[in-house]
Amino acid sequence: NAGVTQTPKFQVLKTGQSMTLQCAQDMNHNSMYWYRQDPGMGLRLIYYSASEGTTDKGEVPNGYNVSRLNKREFSLRLESAAPSQTSVYFCASSDRGDGYTFGSGTRLTVV
Amino acid sequence: GEDVEQSLFLSVREGDSSVINCTYTDSSSTYLYWYKQEPGAGLQLLTYIFSNMDMKQDQRLTVLLNKKDKHLSLRIADTQTGDSAIYFCAEPPPNAGNMLTFGGGTRLMVKP
């Protein structure tokens with residue numbers, strides 16, 4: 001049972017480059033989320049998808065876009081990376097009050 | 001700012017008990033959660049408590065819920081060096097489906 005799988009685990013980008021972070025879950029959860037975690041800032045919600053076909057902005061959506069490709073997959077795209085987007089990114093999924101299941105994270109450095 | 005509040009840091013000696021505290025905002029929350037994040041890893045669900053309970057015990061873990069004061073605590077008995085991690089409490093915000101609001105996390109350091 002893989003749970004939530006994120007790829008890549010590590011990435012270094014130059015300022016202005018674009019990339020897509022991939023996330024897939026195999027638990028048939030309806031809801032999926034993207035968070036970033038920075039030192040001293042806790043978890044901040046970037047975007048979420050309450051169900052297949054819907055996406056909504058979270059607390060810090062600027063500079064990001066998302067796609068809920070199907071029920072399993074929820075991707076996060078950085079169109080033009082900036083150093084301020086250096087962070088650890090977590091994907092999570094949830095359903096029916098069961099709490100979240102998190103992926104292991106993507107460590108992104110923008111130079 | 002965060003609606004779910006935790007202290008930032010706790011340091012204990014190995015073998016002592018640890019108590020991590022959390023205050024939350026929504027008195028109608030049905031579940032409250034504790035997550036553990038070990039260094040370099042994602043968050044893992046540690047335990048949860050239903051809002052109709054005052055206490056839940058699971059081996060070395062005891063969760064206490066004071067609904068009147070909207071206060072949640074996690075007690076770890078006989079704390080081990082492997083318990084060193086960041087602990088997050090979380091509650092479902094009102095009318096937000098499956099979403100959770102997380103506290104800022106408490107970093108627990110266990111000294112040998």
Side-chain angles (χ1 to χ4, degrees), chain A residues 1-7 9-10 21 23 25 27-60 68 71 74 87-107, chain B residues 1-9 20 22-24 26 28-53 56 58 61 63 72 74 85-108:
Chain A
N1 188 358
V4 177
T5 303
Q6 288 184 238
T7 56
K9 293 190 184 302
F10 301 93
L21 281 66
C23 175
Q25 53 95 4
M27 296 167 287
N28 203 36
H29 284 170
N30 282 308
S31 303
M32 298 185 73
Y33 313 86
W34 276 105
Y35 286 86
R36 61 178 289 174
Q37 185 178 32
D38 302 291
M41 301 291 289
L43 290 168
R44 292 187 291 171
L45 182 65
I46 305 171
Y47 270 94
Y48 66 100
S49 170
S51 61
E52 185 180 359
T54 69
T55 61
D56 287 285
K57 295 178 180 179
E59 182 185 354
V60 288
R68 183 73 183 266
K71 193 170 187 180
F74 188 40
S87 188
V88 181
Y89 291 85
F90 289 102
C91 177
S93 68
S94 72
D95 211 359
R96 301 186 321 273
D98 292 339
Y100 285 11
T101 300
F102 283 86
S104 57
T106 295
R107 281 155 181 75
Chain B
E2 288 150 347
D3 296 327
V4 180
E5 296 187 351
Q6 302 178 237
S7 54
L8 287 177
F9 188 75
I20 301 170
C22 171
T23 56
Y24 61 96
D26 182 19
S28 66
S29 293
T30 53
Y31 300 81
L32 292 150
Y33 301 86
W34 283 104
Y35 284 81
K36 178 183 180 182
Q37 184 183 28
E38 296 183 353
L43 281 73
Q44 290 188 307
L45 180 63
L46 191 60
T47 188
Y48 62 92
I49 187 167
F50 293 101
S51 60
N52 63 356
M53 298 169 66
K56 178 180 179 180
D58 183 3
L61 303 178
V63 179
L72 182 73
L74 174 70
I86 304 175
Y87 292 82
F88 294 88
C89 63
E91 68 162 346
N95 304 316
N98 301 320
M99 192 178 297
L100 294 177
T101 298
F102 288 84
T106 299
R107 183 178 295 274
L108 174 64

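The sequence lines fix the lettering, A, B, ..., with proteins before strands; numbering per chain opens at 1. All figures in this text were calculated on a predicted structure; none of them were measured in a lab.
In this structure, the side chain of B:Gln6 engages the main chain of B:Cys89 through a donor-acceptor pair within 3.5 Å.
In terms of the side chain to side chain contact (heavy atoms under 4.5 Å, CB included) criterion, residue partners of A:Thr54 (sequence neighbours excluded) are, by chain and number, A:Ser49, A:Ala50, A:Ser51.
For the atom pair CG of B:Leu108 and NZ of B:Lys36, the computed distance is 9.0 Å after rounding to the nearest 0.5 Å. With rounding to the nearest 0.5 Å, the separation of OH in A:Tyr35 from OH in A:Tyr89 is 15.0 Å.
Heavy atoms closer than 4.5 Å to chain B are found in both the backbone and the side chain of A:Tyr100. Contact of A:Gln37 with chain B is made through the side chain alone, with heavy-atom distances under 4.5 Å. The contact between B:Gln37 and chain A is made entirely by side chain atoms (from C-beta outward), counting heavy-atom distances below 4.5 Å. The part of B:Leu45 that comes within reach of chain A is its side chain, from C-beta onward, which places non-hydrogen atoms under 4.5 angstrom from that chain. Looking at A:Arg44, there are no atoms closer than 4.5 Å to chain B (heavy atoms on both sides), in backbone or side chain. With a threshold of 4.5 angstrom between heavy atoms, B:Tyr48 does not approach chain A through any atom at all.
Taking A:Gly99, A:Gly103, A:Ala92, A:Gly105 one by one and counting their heavy-atom pairs under 4.5 Å with chain B, the maximum is reached by A:Gly99.
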Assess the residue pair B:Lys56 and B:Asp58 against the criterion (salt bridge (Lys or Arg N to Asp or Glu O under 4.0 Å)); give the C-alpha distance rounded to whole Å, side-chain angles, the decisive distance to 0.1 Å, and a yes or no.
CA-CA 7 Å; B:Lys56 178 180 179 180; B:Asp58 183 3; 5.9 Å; no
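Counting non-hydrogen atoms of other residues, nucleotides and ligands closer than 6.0 Å to CZ of B:Arg107 gives a total of 12 or fewer.
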